[in-house]
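None of the values given here were measured: they were computed from a predicted structure.
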Amino acid sequence: MSLRDHIDGLEGGHDSTGDPAFDREKAIALAVFLVPGMTLFGIFSVGPIVYSAVGSFFSWDAFTMQSFVGLDNWFRTFRDPLIVHWENIRQYRFPMGALTQNLLWVVLHVPISTLLGLGMALLFADLRGRRILRSMVFLGFTVPTIVIGLVLLFVYDPQAGVFNELLRVVGQGQLVRNWTQSPQVAIYALVAGGIWVQTGFNMLLYSSALSAIDPSLIESAKVDGAGPYRRFRDIIWPLVKPVTAVVVIMGIIWVMRVFDIVYAAGGTAGGPNHSYSVLGIEVYRAAFEPPIDYGKAMVVALVQLLIVAPLAAYIARMN
Amino acid sequence: MDGVSKYFDAGETVANYRLDLEVADGEFLVILGPSGCGKTTALRLIAGLETPSEGDIYFDDECVNRRSPSDRNVAMVFQNYALYPHMSVRENIAYPLKIRGIPPDERDRRIEEVTELLHIEGQVDKHPGELSGGQRQRVALARAIVREPSVFLLDEPLSNLDAKLRQEMRSELKRLQDELDITTIYVTHNQEEAMSMADNVVVMYRGTIQQIAPPEELYARPRTAWVARFIGSPPMNLFRGTRRNGAVDLGDAGTVTLDGVVGSDLEADTAAGDVSLGVRPEDLFISTDPPTDGNAIEGTVDTVEPLGEYALVNVSVNDQLVTVKVSDAGVERDDRVYLTFGDDDAYLYDENGELLTRTASAKTT
């Protein structure tokens, strides 16, 4: 049968259904192509989400679902000082609870890495050797985050660490300490590491946004009389604004899911006395370390999801 | 401004080599040249977007080499208009005024004036993305005009428009320039634009200025063979030949006596060497019979292109294709023809492409 015959056949069959708007063959083809993807998506994304959403309302004996307990897991989790430690928050003293510390990550990490990324992109926009510099900064993002965490341990090591050595060199020897193990400052040391990672990525996004700006726009602004600051404020910033949305949201998502760096530096406890634990660490400990509290693990994971999902949806819907 | 002259002397860059150029106040100067000849660089030097590596640029009597574009009070219209995409038309036009700290009332008044002048009153609240090419062009012009600059720089402003709009904008630009009387430097590769709008045309080729002249002179008296070929459509024919005993030997095609063409008082009749004899297609006449007197060049008709208003006849002379513009062809392919021309209409270029000289009197041998 030739292709032409085949198409004629299709058209005939299609006519006989009497509904020209519905193309059955096409619908079947669509379904066939969707099946593999939807299956994977269902098994590995929708399934677990629904499972934990349901599971968060049940009591658990290790990994076995017991009886329905309503919001009990939720109340218990939010009253847990490991998640939110109200008293310490009031005194601004670590540990403040994984959720608080995680949000502190967001507050510090996201703006700083965004500004640094933009700054470096601007700096590298017309600089000799910008490609090499850009690759070097971006290298941080390509390194597995668990390795970053280990590198941070070396950097902050009291004896061999570069950071402490630097402090000694500039005459601030009294500040030398084991940064990742000092409860009140360790989180900042780790955030700095996170910023190092994210800055490379942000810089790359901003660099491509900057290179997409027609150079004649900048020149036109120059001729119009705008100095470097006005050019940035009036021309460059408005044009890279959409990228800023992406950078900020990606940053928040990345930070809300941060795990490796904290794990490498502080193990599953999230540092001495959980002083820089984050939500990811709490999920891990509740789910896999005795005493296993599967209900709590699900609740914490869902909290992460509830924060991240709307942001992800926003990015996905952006033009 | 009263009759002050501006002196531009852009130095040597990769693109421009020792340009000497002077523009009078209120003049419409067009820089014409093929792509990559350095005309845009010349404009950017004047704008201050590039600094000359050598030489000085003067506005009036002041050297502006170190001045930023904004200090020079120049306005520039870019080839792609360079409208700020995130601003409305009004904001675009207002931007240079805003930067200069002009109060909002004054700004509004000026914007109204300029939008009326350019017939874009209805578009001020739109964004550049919603405008057609012609409208964008007008907005770009408005943004440049609204500042009342001392020099107005245009970089191929019409090249992104379709043919009809281009024609329209051409006369519009000319009208604007007459009305506003702002010194204008206009860069283009389109000779029609250059010829129709310019007070003076600068022809550039490979980073150097070939000729500066008013359009008529450029056509009537191209100073180099390159300009001769570049100006006019179709371009001037250049017959290669050897100069000998007061005549140009064109090989099989015949010999052209130079009595009328070259002022023999300047050059000895015995001057010899390779030369090119230039005659414009519209100055050549075609006949099938050898003329009884005067110069004639022999050739064979290769193709005839009837174009309605006139016809182009391509004649093969010594393996060289020569174009003749006639009102009525009357010849066919492979016809043996003779090309004649008035001695006044012939130009002689030496092997370096320099115009030798041209006779003042029409003398036929």
Side-chain angles (χ1 to χ4, degrees), chain A residues 114-115 117-119 121-131 202-250 314-315 317-319, chain B residues 40-41 43-51 67-88 91-102 127-129 136 139-157 160 185:
Chain A
T114 304
L115 288 178
L118 177 61
L122 286 171
L123 189 68
F124 294 166
D126 35 32
L127 202 69
R128 198 176 282 278
R130 55 177 173 268
R131 287 200 187 156
N202 293 348
M203 178 205 63
L204 204 72
L205 286 183
Y206 273 123
S207 283
S208 57
L210 285 179
S211 61
I213 295 177
D214 183 348
S216 66
L217 287 183
I218 311 290
E219 286 179 345
S220 175
K222 263 187 210 169
V223 174
D224 281 346
Y229 171 69
R230 292 298 299 256
R231 288 205 293 276
F232 174 75
R233 203 192 74 180
D234 298 336
I235 313 295
I236 297 174
W237 177 247
L239 292 176
V240 299
K241 233 189 202 157
V243 173
T244 304
V246 175
V247 164
V248 167
I249 292 175
M250 295 290 278
Y314 179 81
I315 286 221
R317 280 158 176 272
M318 264 176 71
N319 308 325
Chain B
T40 298
T41 311
L43 195 73
R44 292 168 58 86
L45 280 166
I46 298 167
L49 293 170
E50 316 274 354
T51 37
R67 296 286 204 81
S68 72
S70 50
D71 287 348
R72 299 186 187 193
N73 196 22
V74 295
M76 187 157 172
V77 174
F78 291 81
Q79 186 170 1
N80 55 3
Y81 318 138
L83 297 177
Y84 310 126
H86 55 288
M87 298 186 195
S88 70
E91 288 166 329
N92 260 289
I93 301 173
Y95 190 66
L97 301 179
K98 216 162 107 187
I99 295 272
R100 280 177 171 67
I102 287 165
H127 275 74
R136 276 183 224 181
V139 175
L141 282 171
R143 189 175 64 183
I145 291 169
V146 78
R147 279 173 44 190
E148 297 166 4
S150 60
V151 186
F152 198 27
L153 306 171
L154 299 142
D155 186 5
E156 310 217 8
N160 287 352
I185 303 177

**Message:** I need the B:L49 CG to A:K222 NZ distance, nearest 0.5 Å.
**Reply:** 6.5 Å

**Message:** Is the shortest side-chain heavy-atom distance between B:K98 and A:D234 below 4.5 Å?
**Reply:** no

**Prompt:** Do the non-hydrogen side-chain atoms of A:V223 and B:R143 ever get within less than 4.5 Å of each other?
**Reply:** no

**Complete:** One option among B:H86, B:R44, B:R72 has the most heavy-atom pairs under 4.5 Å with chain A, and it is B:H86

**Fill in**
The side chain to side chain contact (heavy atoms under 4.5 Å, CB included) partners of B:A140 (sequence neighbours excluded) come to B:V77, B:Y81, B:L83

**Asked** Without hydrogens or angle criteria, can the side chains of B:Y84 and A:D224 be said to hold a donor-acceptor pair below 3.5 Å?
**Response** yes

**Fill in**
Ranked by heavy-atom pairs below 4.5 Å to chain B, first place among A:A226, A:S220, A:P215, A:G225 goes to A:S220

**Prompt:** Among residues 237-250 of chain A, which ones touch chain B with a heavy-atom distance under 4.5 Å?
**Reply:** A:P238, A:L239

**Prompt:** B:F78 versus chain A, heavy atoms under 4.5 Å apart: side chain, backbone, both or neither?
**Reply:** side chain

